[in-house]
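Counting starts at 1 for both ligands and their atoms, in listed order. Scope of the values below: all heavy atoms of this structure, side chains included, with no hydrogens, waters or symmetry mates.
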Amino acid sequence: MGNYVSTKAEIKNYICARTPLIIVDSSERERVERMLKEISSELNIGINYYTDSKQVCTFNGDIKQDVDNDPLGFIAAQFKKNRNSTFAVGDIKRIGEDNVYSREVLNILYLAKETNCTLILITADTVWSRLSQFGMLTTLEYPDMDERISQINAFINMFGGKYTIEWDKDDIRMAATLLRGFSEIQIDNILSTTLVSKRKLSKEHLFELTDQKSKLYSAVASIQMVNVNRALTVAGLDNLKAWLSEKKSVFFASDDALNARDLTTPKGILLAGVPGCGKSLSAKMVAKEWDLPLFRFDLGTIYDKWVGESEKKMKEALQFIDNVSPCVVWVDEIEKALSVSDSGNDTGKRVLGQFLFWLQESKSRVFLVATANDISLLPYELFRKGRFSEIFFVDLPNAAERKATIEQYSSKALHIDISDEEMRQLVDASEGFSYSDIEYVIKDIAQLALIKGQPVVTQELLLQQFNKLIPISKSNPDSVEKIREWGIERAVAASSKSGGIVK
Ligand SMILES: Nc1ncnc2c1ncn2[C@@H]1O[C@H](COP(=O)(O)OP(=O)(O)OP(=O)(O)O)[C@@H](O)[C@H]1O
Ligand SMILES: [Mg+2]
């Protein structure tokens with residue numbers, strides 16, 4: 001596992017030690033070519049190189065020879081003639097198992113060993129074990145943070161004169177974070193496509209990079225990409241919002257800054273509380289505010305009756321998440337999925353253990369937002385420190401939050417001005433309502449206005465409809481009270497003042 005610098009140093013060492021075979025595990029051939037070219041000049045050795053399109057050539061352009069798509073004869077002849085020589089192959093096929101071609105490569109390796117020569121193979125595929133025994137394997141990872149930053153800077157230098165690029169140092173760092181998991185060529189493609197289509201690069205284009213990312217990976221059944229409406233607004237929940245805006249800078253801090261203080265990125269939050277008060281909506285809000293792609297992880301689909309299948313599915317899902325990071329992962333109604341794991345069957349417990357272990361140990365920049373109504377169903381292990389960064393309790397909206405919600409929905413759906421006195425009446429009438437209750441009443445009236453015309457929208461109608469609705473806090477006071485008791489005692493309030501009074 002290595003970045004450009006460490007992989008290059010490794011290859012240099014292997015060449016100097018005259019290892020017969022060096023396997024460079026990478027799907028980025030051009031990047032490895034560039035590296036070999038640098039090595040060739042730094043060590044002052046000629047490296048012959050083959051690909052189907054180039055045939056045999058040297059990096060300094062001295063030799064060019066067509067070998068009719070079969071370099072093996074040429075390599076054998078070279079190794080016989082020139083001791084201590086090096087040959088690299090960029091297009092190597094059919095060497096995953098024992099076959100005629102692999103045997104021919106094997107013979108070349110015996111020869112290389114005798115004549116102190118080195119064969120370098122660039123491949124992302126597996127190599128037949130008898131071949132790999134001859135050499136050393138080195139893996140070139142996709143560009144790391146520093147490399148991505150330099151690549152973006154180089155891109156800006158190249159196009160900054162022609163197009164407006166408004167990214168400052170922090171934006172470049174953010175772009176580099178978002179482009180994790182892409183090859184050098186993909187990064188160039190994404191930057192160029194975004195630049196060409198928008199004619200400029202500004203802050204607002206950062207999230208476009210994450211959209212590209214979601215297109216790249218093939219889906220895993222238990223995980224769906226959720227498109228987040230960029231105009232989404234959430235009323236109230238000021239504590240939660242303040243916490244998120246503070247943690248955003250920690251989530252996007254550089255590895256160096258985090259390491260210097262022995263920190264990891266925030267792992268995620270558990271949002272518990274009264275139905276209809278914005279738990280699910282807040283998962284989307286995090287993705288929107290942090291400009292990250294949002295993936296919904298359906299834990300329920302992980303459980304499988306066949307032995308080993310659940311573990312396999314969980315492993316695949318967690319690998320997928322690690323790959324698409326940085327991202328927000330949303331597990332909705334986590335208690336429903338996890339209570340399966342409590343049904344006394346071992347698979348459920350193991351899979352939950354796998355999930356919790358990943359949550360604690362994963363080094364990827366993944367922010368988990370889990371929501372729950374009935375916390376009593378959740379396994380105790382989930383609450384241990386180090387799992388979630390914080391557990392928030394989402395309560396019924398207080399008067400100020402109800403006002404904000406009425407303003408938000410009435411301005412969008414009702415197109416009316418509400419006086420201070422009218423607003424006070426509506427805020428009073430909606431006591432004990434959830435945010436979604438308020439939305440429901442207002443949208444209901446908006447539908448009426450659509451059918452019958454704007455004049456039907458009056459303060460009287462609003463008050464009448466608010467008074468008619470029986471919110472869950474009245475229809476089901478015991479269950480709401482139970483949720484609130486738990487939340488007030490064991491979690492941090494998502495709003496700075498206590499919620500609506502349940503009568
Ligand atoms: N804080 C809020 N601001 C604005 N709208 C809200 C808010 N909370 C809820 N809503 C509205 O109510 C709808 C339902 O909210 P949401 O699905 O987030 O509730 P929830 O807490 O997840 O409820 P449940 O426990 O039933 O899943 C949202 O789609 C949104 O339209
Ligand atoms: Mg919900």
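The aromatic rings of Trp243 and Phe367 sit tilted, their planes meeting at an angle between 30° and 60°. Taking the six-membered ring where the residue is Trp, Phe355 and Trp358 present parallel rings, their angle staying beneath 30° rather than reaching 60°.
Ligand 1 lies within reach of Asn373, whose nearest heavy atom is under 4.0 Å from it.
Contacts with ligand 1 closer than 4.0 Å are made by backbone heavy atoms (N, CA, C, O) of Cys277 only, the side chain lying farther away.
Scanning all protein heavy atoms for the shortest distance to atom 7 (C) of ligand 1 gives Tyr435 CB, 3.3 Å. Atom 27 (O) of ligand 1 has Glu333 OE2, 3.6 Å as its closest protein atom, hydrogens excluded (heavy atom only). Protein heavy atom at the shortest distance from atom 17 (O) of ligand 1 is Ser280 CB, 3.6 Å.
The only option from Arg31, Arg148, Arg29 that meets the salt bridge (Lys or Arg N to Asp or Glu O under 4.0 Å) definition with Glu184 turns out to be Arg31.
For atom 1 (N) of ligand 1, the choice among Ala235, Pro275, Gly276 with the nearest heavy atom turns out to be Ala235. Counting only non-hydrogen atoms, the option in Lys241, Lys443, Glu439 that gets closest to atom 31 (O) of ligand 1 is Glu439. Here atom 21 (O) of ligand 1 lies nearest to Lys279 when heavy atoms of Lys279, Met285, Glu401 are compared.
The pair Glu333-Lys336 counts as a salt bridge, with a side-chain nitrogen and a carboxylate oxygen less than 4.0 angstrom apart.
Among the atoms of Ser280, an N, O or S atom is found under 2.8 Å from the Mg ion (ligand 2).
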